Amino acid sequence: MIPARLEGRHRRSWREELADAITDPRELLEILALDPAWLSPALAAAARFRLRVPRSYVSRMRPADPRDPLLRQVLPLGEELLDAPGYSGDPLGEAGANRAPGLLHKYRGRALLVTTGACAVHCRYCFRREFPYDAQTSGGGRWAEALAALAADASIEELILSGGDPLSLSNARLAALTASLAPIAHLKRLRVHTRTPVVLPSRIDDEFLQWLAQLAWPAVVVVHVNHAREIDADVAAGFARIRATGAQLLNQSVLLAGVNDDEDTLAALSTALFAVGALPYYLHLLDRVRGASHFDVSEARGRELVRKISARLPGYLVPKLVREEAGATGKTVLS
Ligand SMILES: *Cc1c(COP(=O)(O)O)cnc(C)c1O
Ligand code: SF4
């Protein structure tokens, strides 16, 4: 049934919405009535890592507010061009952890498949902003080698579909991938790491939900919300439909200066997540990727914030504060 508010006009598919995402900084500034002085640094920073943001996400931003926490996650800034000591292109040393093209096996029992380099949104703080996807993505018909490596290692019980964002793939591609995983008897769980349900809720369509509901393994969907204002009615509806398939719904956030680095914002995020059926899982300290140093929050401040929200929230609403370290055998838990 078509919801009443959509009757009489064409309901756009997620593919159309994705193709129509804003990629020109000039247009973003105009829509939000922001000072044109932001344009020249935005163009310079976007030349290194392109602007990309779906319009439905932009509609949740406050116009004329350059400090809006949603805008800050996507607007290219001049600060990105500063060289900060300790920040590099591959902060996690992932280039060396590949078992096969696109298959990262760093942690016991779990392997991560880089299914695609594409994302619905470009997050300015992303640790994979310089990831050499062309060389290290298992997409484009190159899954075979990764799947063979997976099948050959019985210690791997859980496969994490990651990217980029696996929900950039069509439902048919996802179905083809999981069909080829089905014969691997030692796989016990399938996990999907995705930000798309937050920035492009229309992606959670019927076919996707059928795919999720019919998987051969218990599924975990880890979404990525950084601020309570990212959750609107469409996002909430998508989360509810994901949960209705029986999948576990968890959230991971990144602790970001100027976005969510204060006690009230983090507490509001946890309670907003609970209200839409997602439990806070991880709060990541920023990975030191070149171009993102202006988002850094110190470890000491991160610990202090988690201590403060622990004092006012039930334990199940307090995410674990973690840092990823190159060469470690798991995330380093700091709280
Ligand atoms: C984060 C991550 C995982 C999953 O770690 P969990 O602690 O199980 O969430 C697995 N592999 C890689 C390479 C990762 O970065
Ligand atoms: S959606 Fe995830 S992988 Fe894609 S740019 Fe954002 S943080 Fe990076």
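Treat the numbers as computed from the prediction; the structure is a model and nothing was measured. The basis for the numbers below is simple: all heavy atoms, side chains too, and nothing from hydrogens, waters or symmetry mates. Order of listing sets the numbers, starting from 1, for every ligand and every atom in it.
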* To do: Verify whether one side chain among T265 and D262 offers a donor that lies under 3.5 Å from an acceptor in the other.
  =>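 D262 and T265 do have a side-chain donor-acceptor pair below 3.5 Å.
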
* Check the side chains of S180 and W143 for a donor-acceptor pair under 3.5 angstrom, ignoring hydrogens and angles. =>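 The criterion, which ignores hydrogens and geometry beyond distance, is not satisfied for S180 and W143.
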
* Between L39 and E30, does a side chain to side chain contact (heavy atoms under 4.5 Å, CB included) hold up when you go through it step by step? -> CA-CA 10 Å; L39 183 59; E30 271 171 22; over 6 Å; no

* Asked: Any non-hydrogen atom of G164 lying under 4.0 Å from ligand 2?
  ->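 Under 4.0 Å: yes for G164.
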
* **Winner among C123, A120, G117 once heavy atoms are compared against atom 5 (S) of ligand 2** =>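 Considering heavy atoms of C123, A120, G117, the nearest to atom 5 (S) of ligand 2 sits in C123.
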
* Those atoms of ligand 1 less than 4.0 Å from some heavy atom in R110 ->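 Listed by number with element: 5 (O), 6 (P), 7 (O), 8 (O).
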
* To do: List every atom of ligand 1 that sits less than 4.0 Å from any heavy atom of Y281, numbering the atoms from 1 in the order shown and giving each element.
  =>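 Near Y281, the atoms of ligand 1 are 6 (P), 7 (O), 8 (O), 9 (O).
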
* Asked: Measuring from the heavy atoms of E324, does anything fall under 4.0 Å of ligand 1?
  ->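 Flag set, E324 near ligand 1.
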
* May I ask whether R191 has any heavy atom positioned less than 4.0 angstrom from an atom of ligand 1? =>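 Yes.
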
What protein heavy atom is closest to [atom], reported as residue, atom name and distance in Å?
atom	value
atom 13 (C) of ligand 1	K106 CE, 3.6 Å
atom 1 (C) of ligand 1	K331 NZ, 1.5 Å
atom 7 (O) of ligand 1	Y282 OH, 2.5 Å
atom 4 (C) of ligand 1	I160 CD1, 3.5 Å
atom 11 (N) of ligand 1	Y107 CD1, 3.6 Å

* Asked: Which atoms of ligand 2 have any heavy atom of C119 under 4.0 Å away?
  ->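 Those qualifying, in numeric order: 1 (S), 3 (S), 4 (Fe), 5 (S).
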
* Asked: Just by distance, do the side chain of T196 and the backbone of L167 share a donor-acceptor pair under 3.5 Å?
  ->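 Between the backbone of L167 and the side chain of T196 there is no qualifying donor-acceptor contact (under 3.5 Å).
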
* OG on S56 to CG on D234, rounded to 0.5 Å ->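 Reported value, rounded in 0.5 Å steps: 7.5 Å.
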
* To do: Output the distance between atom CG (L200) and atom CD (E17), rounded to the nearest 0.5 Å.
  =>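 Spacing of CG (L200) from CD (E17) equals 5.0 Å.
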
* **F274, CZ: over 12 other non-hydrogen atoms inside 6.0 angstrom** =>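 Check fails, neighbour count at 12 or below.
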
* **Over 12 non-hydrogen atoms of neighbours within 6.0 angstrom of CH2 in W14** =>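 Yes - once you tally the heavy atoms of other residues, nucleotides and ligands closer than 6.0 Å, there are more than 12.
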
